[in-house]
Student: 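First, the structure itself, so that you have it in front of you.
The first residue of the sequence shown is numbered 1, and numbering continues consecutively from there.
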Amino acid sequence: MSVLLVCVGCFSISTVCLAQENPPVEQSSVPTTSQENSPKAAGQDTQPTAPPKPEAQPKKKKKLGGRGAFVVAPLPISSPAIGSGIVPVLGYIFPFSKNDKVSPPSTIGAAGLITDNGSRGFAIGGQFFLKENTYEITTGFVHGNVDYNIYGTGDASNLKLPLVQTGEAFFGEFLRRVGWKFFVGPRFITGRSFITVVPSSGSSVPIPPEVGLHSNLTSLGARLTRDTRPNHFYPLGGTFFTFTTDFFSEGLGSKYSYQSYKTEFSKFWSLSPRQVLAYDADFCATSGAPPFYGNCIYGTNNQLRGYIAGKYFTREAASTQLEYRLVLPKRFGLVVFGGLGGTIPGGRQPLQRVQNGKFLPAGGGGLRFALSQKYHVNLRADIAQGRDGHTFGMGVGEAF
């Protein structure tokens with residue numbers, strides 16, 4: 001499952017090449033008259049007639065673009081977790097139906113992953129909004145191998161154990177609007193993986209019990225969400241709320257039986273036409289007996305920028321952050337953000353990586369460049385300082 005988490009996080013880096021959407025220009029014509037071949041009555045004088053008007057030519061349709069916006073980019077990546085490399089991306093943002101003026105735009109895409117530490121993979125997926133925002137369907141598939149590090153605790157907190165995780169995963173979700181802009185529906189996850197230690201690593205960090213085992217993970221779950229944002233890519237107002245739960249069970253063919261719960265709430269204020277204040281709060285919890293990569297992992301979903309994925313594993317985690325966004329001339333933008341978070345120990349801690357609760361503050365800033373003026377999709381580059389050091393990350397779209 002960490003293959004899914006890491007690859008999807010990396011594949012968010014992309015560039016948008018815009019194709020403007022324009023309605024076809026209607027043809028128009030001018031009625032014409034012609035006095036040629038008009039019969040004359042015998043014995044009657046004929047009145048002089050004006051010369052015939054030339055027929056108006058129909059206007060040609062102007063093709064100024066397609067329905068949506070393309071995403072095409074071979075972008076570099078530099079991650080403390082999986083190394084440096086390139087992420088080739090191909091995607092398309094579009095209205096599912098040209099007659100549907102209510103639904104948000106849908107998205108389909110594919111991406112690859114190649115880094116200098118041996119990580120290789122690809123992912124395909126899509127998110128579709130149908131029937132005037134009555135249904136929302138999300139699906140994705142990822143396959144590959146990811147080389148990443150996990151860290152020790154206490155005096156060994158700077159020591160790391162390099163692992164290689166190979167596998168694939170499929171995800172599907174179907175939501176229906178039930179009123180008051182709430183959506184609810186089932187979700188399904190299935191995947192398999194195999195974890196090994198990098199040969200000759202020489203690390204003294206304890207090896208997780210999942211290493212060397214072929215693991216299948218399958219879950220059934222549900223999601224409840226409410227979204228009042230006028231634009232999903234760059235909200236100027238509104239709120240976003242979601243709660244998801246996934247139940248992994250041996251009865252479904254999963255090697256591990258455990259439960260995962262996640263909730264997020266975001267709110268946005270438009271201070272002026274060029275200024276936005278954004279707030280986000282996240283909570284994650286697991287129960288049962290998950291593998292180490294099934295726990296809450298800081299640094300994987302932008303809960304708090306400034307933390308390396310693999311540094312903190314815990315049963316429960318919470319974070320809150322505030323971000324100021326300013327639109328500058330020439331498509332550029334600027335953001336400043338700060339937040340507070342913490343790990344909350346509970347139950348069996350994986351490898352005792354988190355013996356006690358930890359306070360995790362973070363802050364930083366970044367630059368934006370509007371790749372799509374139609375959907376206001378930004379390329380973002382953020383640098384953040386956390387408790388243990390700093391991180392630099394790039395992606396498409398805002399962090400929340």
Side-chain angles (χ1 to χ4, degrees), residues 12-22 64-65 68-71 73 91 93-95 101-107 127 129 133 180-183 225-242 263-282 301-306 319-341 361-386 390-400:
S12 65
I13 303 174
S14 57
T15 303
V16 177
C17 301
L18 175 64
Q20 291 292 337
E21 179 184 6
N22 292 277
L64 298 179
F70 280 97
V71 176
I93 306 171
F94 65 102
K101 307 302 182 183
V102 178
S103 298
S106 300
T107 307
Q127 185 176 38
F129 298 90
N133 207 25
W180 295 93
K181 296 186 178 182
F182 278 99
F183 285 75
T225 185
R226 186 175 189 267
D227 192 350
T228 64
R229 299 171 298 175
N231 183 333
H232 290 184
F233 302 105
Y234 193 86
L236 298 177
T239 61
F240 173 76
F241 166 79
T242 185
T263 186
E264 178 183 4
F265 174 77
S266 303
K267 184 172 177 57
F268 307 88
W269 297 271
S270 180
L271 305 180
S272 75
R274 291 180 174 270
Q275 300 179 84
V276 174
L277 189 64
Y279 170 79
D280 182 71
D282 292 88
N301 293 308
N302 293 320
Q303 303 99 330
L304 279 182
R305 286 155 284 181
S319 66
T320 182
Q321 56 183 321
L322 193 66
E323 182 171 287
Y324 169 76
R325 301 168 181 172
L326 174 65
V327 176
L328 301 175
K330 305 295 184 180
R331 294 192 177 189
F332 284 97
L334 176 70
V335 304
V336 179
F337 54 85
L340 302 173
L367 293 175
R368 300 291 184 267
F369 182 78
L371 300 169
S372 169
Q373 291 182 308
K374 178 177 182 178
Y375 294 112
H376 201 158
V377 179
N378 282 340
L379 173 67
R380 60 182 173 90
D382 292 330
I383 185 168
Q385 178 70 39
H390 70 276
T391 62
F392 174 78
M394 296 182 65
V396 164
E398 304 307 317
F400 58 89

Student: Please find the pair of heavy atoms, one from S319 and one from L304, that lie closest to each other, and give the distance.
Tutor: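 Shortest heavy-atom contact: CB-CG, 3.9 Å.
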
Student: What's the separation between atom CG in L271 and atom CG in L236, rounded to the nearest 0.5 Å?
Tutor: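 Separation between the atoms: 10.5 Å.
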
Student: Provide the closest heavy-atom pair for Y375 versus G68 in the form atom of the first, atom of the second, distance.
Tutor: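 Scanning both residues completely, I find the closest heavy atoms to be OH-CA, 3.9 Å.
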
Student: Closest heavy-atom contact between R274 and P329?
Tutor: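 Nearest pair, atom of R274 first, then P329: NH1-N, 4.2 Å.
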
Student: Do you know the tightest heavy-atom contact between I383 and F337?
Tutor: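 Taking I383 first and F337 second, the nearest heavy atoms are O-CZ, 3.8 Å.
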
Student: If you compare all heavy atoms of P235 against all heavy atoms of V276, which two are closest, and at what distance to 0.1 Å?
Tutor: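 Taking P235 first and V276 second, the nearest heavy atoms are O-CG1, 3.7 Å.
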
Student: For the CD atom of Q275 and the OG atom of S270, what is their distance to the nearest 0.5 Å?
Tutor: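 The OG atom of S270 is 9.0 Å from CD of Q275, to the nearest 0.5 Å.
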
Student: Calculate, to the nearest 0.5 Å, the distance between atoms CG and CD belonging to L340 and Q321 respectively.
Tutor: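 Answer rounded to 0.5 Å: 10.0 Å.
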
Student: List for me each residue that meets ring-ring contact (aromatic ring centres under 6.0 Å, His included) alongside F369, sequence neighbours excluded, and say none if there are none.
Tutor: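 Residues passing ring-ring contact (aromatic ring centres under 6.0 Å, His included) with F369: F332.
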
Student: State, yes or no, whether a side-chain contact exists between K374 and F233 at a heavy-atom distance under 4.5 Å.
Tutor: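 No - every pair of side-chain heavy atoms lies 4.5 Å or more apart.
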
Student: Nearest 0.5 angstrom please: R331 CZ to L379 CG, how far?
Tutor: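 These two atoms lie 12.0 Å from each other.
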
Student: Please report the shortest heavy-atom distance between L334 and G366, naming the atom on each side.
Tutor: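 Nearest heavy atoms, L334 then G366: CD1-O, 3.4 Å.
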
Student: Taking only residues two or more places apart in sequence, or in another chain, which ones meet Y234 in a ring-ring contact (aromatic ring centres under 6.0 Å, His included)?
Tutor: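 By the ring-ring contact (aromatic ring centres under 6.0 Å, His included) rule, Y234 matches H376.
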
Student: Could you pull out all residues at least two apart from T225 that satisfy side-chain contact (heavy atoms from CB on, under 4.5 Å)?
Tutor: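 T225 satisfies side-chain contact (heavy atoms from CB on, under 4.5 Å) with L175, F183, R223, F240, T242 only.
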
Student: Taking the side chain as every heavy atom from C-beta outward, state whether D282 and F400 have any atom pair closer than 4.5 Å.
Tutor: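 No, too far: nothing below the 4.5 Å cut-off.
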
Student: Backbone N or O of P104 within a donor-acceptor pair of the N133 side chain at under 3.5 Å?
Tutor: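 Such a contact is absent between N133 side chain and P104 backbone.
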
Student: Between CD of E398 and CD of E323, what distance do you get to the nearest 0.5 Å?
Tutor: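 The distance works out to 6.0 Å.
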
Student: Test of understanding: with side-chain contact (heavy atoms from CB on, under 4.5 Å), list the residues that count as partners of Y279, not counting sequence neighbours.
Tutor: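 Y279 satisfies side-chain contact (heavy atoms from CB on, under 4.5 Å) with F265, W269, A281, T320, L322 once adjacent residues are dropped.
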
Student: Nearest 0.5 angstrom please: T391 OG1 to Q385 CD, how far?
Tutor: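 Reported to 0.5 Å precision, the distance equals 8.5 Å.
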
Student: I want to check something: taking the side chain as every heavy atom from C-beta on, are T228 and R226 in contact at a cut-off of under 4.5 Å?
Tutor: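 Counting from C-beta outward, T228 and R226 do come under 4.5 Å.
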
Student: Does any non-hydrogen side-chain atom of F241 lie less than 4.5 Å from one of T263?
Tutor: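 Yes, at least one pair of side-chain atoms sits under 4.5 Å.
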
Student: Applying salt bridge (charged side-chain N to carboxylate O under 4.0 Å, His left out), name anything that partners R229, two or more places apart in sequence or on another chain.
Tutor: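 By the salt bridge (charged side-chain N to carboxylate O under 4.0 Å, His left out) rule, R229 matches D227.
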
Student: What residues, two or more places apart in sequence or in another chain, satisfy salt bridge (charged side-chain N to carboxylate O under 4.0 Å, His left out) together with D382?
Tutor: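 Result, salt bridge (charged side-chain N to carboxylate O under 4.0 Å, His left out) vs D382: R305, R368, R380.
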
Student: Any heavy-atom pair between the side chains of F129 and H232 that's under 4.5 Å?
Tutor: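 A side-chain contact under 4.5 Å exists here.
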
